[in-house]
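Contents: one structure, followed by commentary.
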Amino acid sequence: MAVKKYQTHHGMHDLLPDEIATWQKLESIIHDVADRHHFKEIRTPILEPTELIARGIGQLTDIVSKEMFSFERGEDQYVLRPEGTAPVARAYVQHSLHQRGGSQKLFYIGPFFRAERPQKGRQRQFHQFGAELIGSPDPMADIEIISFMMDIYNEIGLTDTSLKLNSVGNPESRKQYKEALQDYFRPHLNEMSEISQNRFETNPMRILDSKEKEDQPIIENAPKIADYLTPESQAHFDKVQRYLDQLGIPYELDSRLVRGLDYYTETAFELISDQIGSQDALGGGGRYDLLIEEVGGPSTPAVGFACGIERLLLAAEAANLQLGTSAPLDVYIVTRGEKAREWALNNLSTFRSKRLRTTMNFDGKSMKAQMKDADRNAARYCVIVGDDELETDRFTLRDMSSSEEQPYTFEDLIHTVANSK
RNA sequence: GAGCCUGUAGCUCAGCUGGUUAGAGCGCCAGGUUGUGGCCCUGGAGGCCGUGGGUUCAACUCCCAUCAGGCUCCCCA
């Protein structure tokens with residue numbers, strides 16, 4: 001009887017052992033850079049209250065309006081988190097982290113979920129790492145966030161990227177700018193794409209993001225947010241640029257950079273790669289001075305970033321960067337006969353307690369098959385055990401790269417292998 | 001959510017305008033070497049040709065639907 005074969009849901013992938021070394025290496029780099037910057041890891045639940053996400057990210061955003069995996073259980077509404085900032089903001093408020101004094105430097109890494117149509121660099125379950133610096137309005141905080149992000153890419157050796165920078169201002173300047181944009185677009189509306197027409201009322205700034213051909217010449221001459229920034233916003237933005245210059249972090253100003261989530265204020269940035277297809281944002285972030293208050297906390301300025309791990313790995317692959325390799329096996333115990341197998345089983349722990357990666361064959365196969373298995377696993381040594389060895393108490397050690405074999409007492413053998421690392 | 005392209009062994013792919021038992025390389029298993037890997041030789045296993053319908057005397061080859069992947073749009077990490 002044929003049993004149904006199950007497979008992962010659309011846009012969700014298994015990570016097989018072959019890829020794990022790369023992921024673990026990347027994760028260790030992220031932890032290492034975070035440690036040097038003294039960002040502390042925070043782990044929040046995968047499921048969050050739907051309302052938190054809706055309020056935090058914005059009811060009208062695509063993420064909330066059509067891309068959430070959500071369900072009800074009893075009275076409660078759950079959502080698989082689509083991003084990391086709102087949950088961290090929630091945790092900050094829930095545990096009154098502001099009472100600890102100073103600003104909080106937090107980072108996270110983990111899976112996120114959005115019900116979009118999958119394509120290259122876009123999955124329904126994907127992984128992000130990100131950081132939040134909560135409690136400081138100072139442009140230096142923006143720099144700390146950006147430099148943390150850039151340091152990770154530099155550490156990996158991924159330097160063929162470009163950092164786009166803009167300011168979306170504070171609520172007052174944005175309100176004025178929106179009006180100016182609407183005044184500008186209004187007479188051109190009927191020449192513009194349907195998408196842009198729809199956004200005219202709800203979110204005219206998003207029109208600037210449009211890739212529709214017919215919109216381009218009109219967007220070209222649209223008013224720029226830079227002309228509408230309040231003196232405070234302008235001063236903040238100027239400082240961010242000055243500090244980046246001083247640190248030698250290259251960036252490009254992009255007056256059309258508008259980020260998709262409602263909570264952004266002031267500084268907005270995105271890290272772009274032209275090597276990974278049309279989903280070209282490796283990461284992005286900015287300031288969100290209103291979010292903490294929006295989710296029930298005290299008015300608290302904050303800035304953060306988030307980056308996609310799968311996209312980073314695509315870029316690394318395109319750049320021919322080899323991130324991690326799986327560790328070779330130190331010892332493979334090859335046996336002949338049932339007594340020898342028992343000996344192997346009983347002595348595996350001796351090797352392992354010396355921190356030697358050790359295994360044996362668990363299928364009861366021929367010596368030839370065992371040797372082949374050892375070779376496949378890139379074993380450095382084989383320990384060969386049969387009746388002869390058990391009788392004489394001398395065990396054969398085969399160096400797999402030179403094919404040399406020598407008999408050793410068990411003690412000497414352990415010693416020799418342990419010292420060869 | 002929209003448009004277009006693709007889907008043949010574990011992997012990468014071949015299979016002419018529909019026509020008898022569907023192929024290759026790599027990988028896997030075994031033997032050549034009854035105590036030994038990598039090279040070589042020999043043999044073998046493994047595919048109801050993504051799935052479900054339809055057209056036809058006949059479909060891996062044509063049509064429809066569906067699922068999955070890719071590209072673009074949308075959006076974003």
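Residue numbering restarts at 1 for every chain, and letters A, B, ... go by the order of the sequence lines.
Taking the C1' atom of each, B:rC73 and B:rG15 are spaced 35 Å apart, rounded to whole Å. Here, B:rU12 and B:rC5 have their P atoms 22 Å apart, quoted to the whole Å. Between the P atoms of B:rG10 and B:rC49, the separation comes to 13 Å (whole Å). Atom C1' of B:rA68 sits at a distance of 8 Å from the matching atom of B:rG50, rounded to the whole Å. With both ends at atom P, the span from B:rC4 to B:rG46 equals 40 Å, rounded to whole Å. For the P atom pair drawn from B:rU8 and B:rA14, the interatomic distance equals 10 Å after rounding to whole Å. Only the P atoms considered, B:rA9 is 14 Å distant from B:rU61, to the nearest whole Å. For the C1' atoms, the distance linking B:rA77 with B:rC60 amounts to 40 Å, nearest Å.
Base-pair partner of B:rU56: not found among the strands shown (Watson-Crick or G-U wobble, both distances under 3.5 Å). Across every strand in view, B:rC11 sits in a pair with B:rG25 that passes the Watson-Crick or G-U test at under 3.5 angstrom. With a 3.5 Å ceiling on both atom-pair distances, B:rU34 lacks any Watson-Crick or G-U wobble partner. B:rC73 and B:rG1 make up a base pair, with Watson-Crick or G-U wobble contacts both under 3.5 Å.
A:Ala306 comes within 4.0 angstrom of the backbone, heavy atoms only, and of no base. As judged by a 4.0 angstrom heavy-atom cut-off over every strand, A:Gly11 is placed among residues touching the sugar-phosphate backbone only. The residue A:Glu83 sits apart from the nucleic acid: no heavy atom pair falls under 4.0 Å. Counting any heavy atom pair closer than 4.0 Å across all strands shown, A:Asp388 reaches a base atom. Among the atoms of the strands shown, base atoms are found under 4.0 Å from some heavy atom of A:Glu389. Within the 4.0 angstrom heavy-atom criterion, only backbone atoms of the sugar-phosphate kind lie near A:Leu282; the bases stay farther away. Nucleic acid contact for A:Gly130: none, since no nucleic acid atom lies under 4.0 Å from a heavy atom of the residue. A:His127 comes within 4.0 angstrom of no nucleic acid atom, judged by non-hydrogen atoms across all strands. Across all strands shown, A:Ser401 has heavy atoms under 4.0 Å from base atoms, whether or not it also approaches the sugar-phosphate.
Here the nucleotide nearest the side chain of A:Arg398, chosen from B:rC67, B:rA77, B:rG38, is B:rG38. Closest to the side chain of A:Arg117, out of B:rC74, B:rG1, B:rA77, is B:rG1. Nearest nucleotide to the A:Lys368 side chain, out of B:rA77, B:rU36, B:rG69: B:rU36. Comparing B:rC76, B:rC67, B:rG69 by their closest approach to the side chain of A:Arg114 singles out B:rC76. Here the side chain of A:Glu405 is nearest to one of B:rU36, B:rA77, B:rG37, namely B:rU36. Of the candidates B:rG69, B:rG31, B:rG3, the closest approach to any side-chain atom of A:Pro118 belongs to B:rG69. Comparing B:rU36, B:rA30, B:rA77 by their closest approach to the side chain of A:Ile384 singles out B:rU36. Residue A:Lys365 has its side chain nearest to B:rC29 when only B:rC29, B:rC73, B:rC67 are considered. Closest to the side chain of A:Phe126, from the set B:rC76, B:rU36, B:rA77, is B:rA77.
The separation between A:Lys120 atom NZ and B:rC73 atom P is 14 Å, rounded to whole Å. Computed from coordinates, the A:His10 NE2 to B:rG7 P distance equals 18 Å when rounded to whole Å. Atom CD of A:Glu310 is separated from atom P of B:rG70 by 12 Å (rounded to the nearest Å). Separating the CD atom of A:Gln7 from the P atom of B:rU51 is a distance of 12 Å, rounded to the nearest angstrom. Atom CG of A:Leu397 is separated from atom P of B:rU36 by 18 Å (rounded to the nearest Å). To the nearest angstrom, C1' of B:rG27 lies 13 Å from CG of A:Asp18. When the C1' atom of B:rA77 is taken as reference, atom CD of A:Glu270 falls 9 Å away, rounded to whole Å. Atom CD in A:Gln406 sits about 17 Å away from atom C1' in B:rU36, given to the nearest Å.
Taking 4.0 angstrom as the limit, A:Arg122 places none of its side-chain polar atoms (N or O) nearer than this to OP1 or OP2 of B:rU72. Considering only side-chain N and O atoms, A:Ser278 lies under 4.0 angstrom from the phosphate OP1 or OP2 of B:rU72. A:Gln119 has a side-chain polar atom (N or O) that falls below the 4.0 Å cut-off from OP1 or OP2 of B:rU72. A close approach under 4.0 Å does not occur between any side-chain nitrogen or oxygen of A:His9 and OP1 or OP2 of B:rC67.
A donor and an acceptor atom sit less than 3.5 Å apart, one in the side chain of A:Glu116 and one in the base of B:rA77. Under 3.5 Å, the side chain of A:Asp375 and the base of B:rG37 form at least one donor-acceptor pair of N or O atoms.
Aromatic ring centres of A:His415 and A:Tyr408 lie farther apart than the 6.0 Å criterion allows. Aromatic ring centres of A:Phe39 and A:Phe148: separated by under 6.0 Å.
Under the 3.5 Å distance criterion, with hydrogens and angles disregarded, a donor-acceptor pair is assigned to the side chains of A:Ser278 and A:Gln119. The closest side-chain donor-acceptor pair between A:Gln123 and A:His13, if any, does not fall under 3.5 angstrom. For the residue pair A:Gln182 / A:Arg186, no side-chain donor-acceptor distance below 3.5 Å is found, with atom types taken as modelled.
Here the closest heavy-atom approach between residue A:Arg394 and residue A:Glu389 is recorded as O-CG, 3.0 Å. Nearest heavy-atom pair across A:Phe269 and A:Gly304 is CZ-O, 3.6 Å.
Salt bridge annotation for A:Lys66-A:Glu116: absent, with no cationic side-chain nitrogen under 4.0 angstrom from a carboxylate oxygen.
Taking the six-membered ring where tryptophan is involved, the planes of A:Tyr177 and A:Tyr228 are tilted, since the angle between them lies from 30° to 60°.
Each of A:Met400 and A:Ile276 has a nearest nucleotide on RNA chain B; the 5'-most of these lies closest to A:Met400. Mapping A:Gln123 and A:Lys372 onto RNA chain B by nearest heavy atom places A:Lys372 at the nucleotide closer to the 5' end.
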